[in-house]
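In what follows, a single structure is set out as structure tokens and then discussed.
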Amino acid sequence: MTSLDSATSVVRSAIAEVLSVPSDQVKPGATIADHQIDSLEWVEISVIIEEKLGIQLDPSDFAGAQTVADMAGVLHAALAAR
């Protein structure tokens, strides 16, 4: 899984799982603030992604991400680098 679309799908799914909302409510252009993701939820999202993809990410890896699409870009880059 190295496509940006696939990374976006995984990120949206992880956020939806943590926030207990349908994944179609997590839009790529939505800001992190729109979803009111707190620090514990960042950790939970990272763990879900790790479990799904077998890649270790630290919540701080997403520190510069402003949108869901930004988070997907971080994941995509991490997958491409391994």
Taking all non-hydrogen atoms of both residues, which atom of Ala7 and which atom of Ala72 are closest, and how far apart?
CB-O, 3.6 Å
Hydrogens and angles aside, do Asp5 and Thr8 bring a side-chain donor and acceptor to less than 3.5 Å of each other?
no
When rounded to the nearest 0.5 angstrom, what is the spacing between CG in Leu4 and NE2 in His76?
5.5 Å
Kindly indicate whether the side chain of Val68, heavy atoms from C-beta on, has any atom under 4.5 Å from the side chain of Arg12.
yes
Atom CD of Glu44 and atom CG of Leu19: how far apart are they, to the nearest 0.5 Å?
9.0 Å
Kindly compute the distance separating OG1 (Thr67) from CG (Asp34), expressed to the nearest 0.5 Å.
10.0 Å
Reported CD-to-CZ distance for the pair Gln56 and Arg82, which is rounded to 0.5 angstrom:
11.5 Å
Shortest non-hydrogen contact from Ser23 to Ala16?
CA-CB, 3.5 Å
Check step by step if side chain to side chain contact (heavy atoms under 4.5 Å, CB included) holds for Ile48 and Ile45.
CA-CA 5 Å; Ile48 290 168; Ile45 291 165; 5.7 Å; no
Would you indicate whether the side-chain heavy atoms of Leu75 and Ile55 approach each other to under 4.5 Å?
yes
At what distance, to the nearest 0.5 angstrom, does CG of Leu79 lie from OG of Ser6?
9.5 Å
Is there side-chain contact between Phe62 and Ile32, with at least one heavy-atom pair below 4.5 Å?
no
Correct closest heavy-atom pair for Ile49 and Ala14 would be CG1-CB, 4.0 Å
In terms of heavy-atom contacts, does CD of Gln25 have more than 12 from other residues, nucleotides or ligands at under 6.0 Å?
yes
Linked, directly or transitively: Val43 and Leu53 (ILVMFWY side chains, under 4.5 Å):
no
Tell me whether Val47 is reachable from Trp42 by hopping between hydrophobic residues (I, L, V, M, F, W, Y) whose side-chain heavy atoms are closer than 4.5 Å.
no
Once rounded to the nearest 0.5 Å, what's the spacing between atom NZ of Lys52 and atom OG of Ser13?
2.5 Å
Shortest non-hydrogen contact between Ala65 and Met71, atoms and distance
CB-CG, 3.6 Å
